[in-house]
Amino acid sequence: MAHADLAPPASRAARRGATERLSPLVPLYLFCVVVPVFFELGPLYVSTLRLLLCLLVLPLGARLVLGHFGQLRATDILFFLAFLWSVLALSVTDPGRTIEQAGSTGAEFLGGYLLARACIRSRAQFIAFCRQLCGAVLLLLPFALYEAVTGLPPLVYAIEALPGLQSVPDLDLPSRLGMNRVQNTFAHPIHYGLFCALAFSLTFVALKGEIPGIARWLACAGIALGCGLTLSSGAILALVLQIGLIAWAVGLRRVRWRWWLLVALCVAAYVTVDVLSTRRPLQVFMSYATLNAQTAFWRVVIFEHAWANVLAQPVFGAGFQDWARPDWVVSDSIDNFWLTTALRYGLPGALLLALGYGHGLLWIMLRDFRGQRDLHQARLAWILSFAGLTFTLCTVHIWGHIYSLVFFTFAAGLWLLDEEDAPARPARRHRRTTTYARTFDSPRHKRP
């Protein structure tokens with residue numbers, strides 16, 4: 001008998017209750033994400049989010065290593081190594097910014113990740129987080145509509161009006177399709193769009209049965225509206241991919257190998273485009289993943305030259321220094337999260353991060369929760385969110401608050417690895433039809 005089984009019933013109930021309640025740190029974290037407040041703390045320029053995570057990252061990291069948040073996973077180790085490599089790489093290529101970036105990136109990346117590993121350890125806590133994320137998106141929607149009409153982010157200006165406080169800059173980007181692009185309280189419209197897209201499957205799938213059906217549909221419509229108001233192709237792509245995957249899951253729900261079929265179709269499509277098109281599959285993908293052909297052209301050009309820079313400095317990268325490109329490529333922006341990581345910290349840094357990300361995603365995808373509807377639903381919602389996001393990160397770059405939230409939400413699903421798989425179905429036993437078997441199986445000939 002396990003030691004935990006010897007505990008008094010009251011203490012076991014208390015522990016169960018602790019895993020059902022969501023820590024108040026989670027709504028505090030979400031508030032800091034969606035209300036970006038910056039201020040000067042001595043010589044430092046910090047945000048409320050960064051300050052919160054700086055206070056938590058060391059104690060949470062120590063408790064994770066000690067096993068207080070479940071088994072230490074390969075993803076945990078790989079993410080720690082990715083952070084340590086980024087510090088080492090910057091100390092070689094850009095030593096003047098090592099301490100600053102180690103503190104900010106470490107807090108936003110590892111702090112957000114560790115906070116979710118600590119606070120979201122059960123389905124009940126995961127569902128509570130999904131509710132709060134959905135609520136945060138809907139609360140920001142009226143401000144998004146105001147900005148779409150006026151071109152002014154009201155919450156940003158309200159924070160700026162308070163003495164000693166600052167917020168994200170109003171980018172005042174050119175209109176697109178004759179409409180104002182909405183950034184709301186985020187550093188860029190695409191970040192606000194990803195914030196909305198991240199909540200879509202977590203609302204539509206995970207909260208099914210948790211909130212009334214009509215409320216869930218209306219909430220998802222509001223989430224989609226917020227995403228569309230950004231007019232950002234990357235964010236809209238993440239949303240469209242999730243909707244497509246949900247439709248695929250519903251339409252082929254009786255086919256157990258439906259996801260392998262989808263993988264096979266994607267591979268076949270890639271090979272077909274590679275054989276029949278005069279352009280490379282990457283160029284074709286970019287042309288359909290953007291709202292206009294000019295954006296697609298520039299993304300392909302930037303990708304090719306940035307990748308050449310990565311190959312020129314494959315170990316430690318180039319840090320935050322300007323990267324080599326032709327004079328006619330004016331912008332230094334690289335709309336690819338994975339590529340930007342490789343350019344800044346070298347291939348080892350990007351590979352460690354990608355391996356940790358892929359390991360967590362793959363192992364949760366392989367879990368078998370048949371017959372456990374609640375677990376299956378939570379797992380599907382989380383996978384759909386990150387399936388859409390993974391492709392989108394190949395077309396956008398993230399930093400700051402949305403960077404932290406992405407890895408917070410990633411860690412929010414790792415509790416699924418601690419759940420037990422569905423029990424194996426017993427193999428069918430075929431009765432022998434010989435005269436001997438029929439004789440001793442008949443009611444008149446029971447064995448003693």
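This structure is a prediction, so every number in the text was calculated from the model and none was measured.
Using a cut-off of 4.0 Å between Lys/Arg side-chain N and Asp/Glu carboxylate O, Glu419 and Arg367 are scored as not salt-bridged. The pair Arg121-Asp418 counts as a salt bridge, with a side-chain nitrogen and a carboxylate oxygen less than 4.0 angstrom apart.
With hydrogens and angles ignored, the 3.5 Å screen pairs no side-chain donor or acceptor of Asn184 with any backbone N or O of Tyr192. The closest donor-acceptor contact from the side chain of Thr203 to the backbone of Cys134 lies at 3.5 Å or more, if one exists at all. Without hydrogens or angle criteria, Thr75 side chain to Gly360 main chain gives a donor-acceptor distance under 3.5 Å. A donor-acceptor pair under 3.5 Å is absent between the side-chain atoms of Ser23 and the main chain of Val26, judged by distance alone. No donor-acceptor pair under 3.5 Å is formed between the side chain of Arg117 and the backbone N or O of Ala411. Proximity of a side-chain donor or acceptor of His401 to a complementary backbone N or O of Val33 within less than 3.5 Å is detected. Proximity of a side-chain donor or acceptor of Gln372 to a complementary backbone N or O of Leu375 within less than 3.5 Å is not detected. Panel note: side chain Glu160, backbone Gln166; no donor-acceptor pair is recorded below 3.5 Å. A donor-acceptor pair under 3.5 Å is formed between the side chain of Trp382 and the backbone N or O of Thr409.
Using modelled atom types, one finds a donor on one side chain and an acceptor on the other under 3.5 Å when comparing Arg181 with Ser232.
Between Leu202 and Leu207 there is no side-chain heavy-atom pair separated by less than 4.5 Å. Within the 4.5 Å cutoff, no side-chain heavy atoms of Leu353 are placed close to those of Phe83.
With a 6.0 Å cutoff to the six-membered ring centre and a 45° limit on the axis angle, Arg63 does not count as a cation-pi contact of Phe69.
Applying side-chain contact (heavy atoms from CB on, under 4.5 Å) to Ile190 and the options Val396, Leu231, Ile398, Ile236 leaves one that passes, Val396. A ring-ring contact (aromatic ring centres under 6.0 Å, His included) with Tyr357 is found for exactly one of Phe109, Tyr113, Trp338, namely Trp338.
Taken from OG1 in Thr150 to CG in Asn180, the straight-line distance is 7.0 Å, to the nearest 0.5 Å.
Applying the ring pair (Phe, Tyr, Trp, His ring centres under 6.0 Å) rule to Trp415 yields the partners Phe126; only residues at least two apart in sequence or on another chain are considered.
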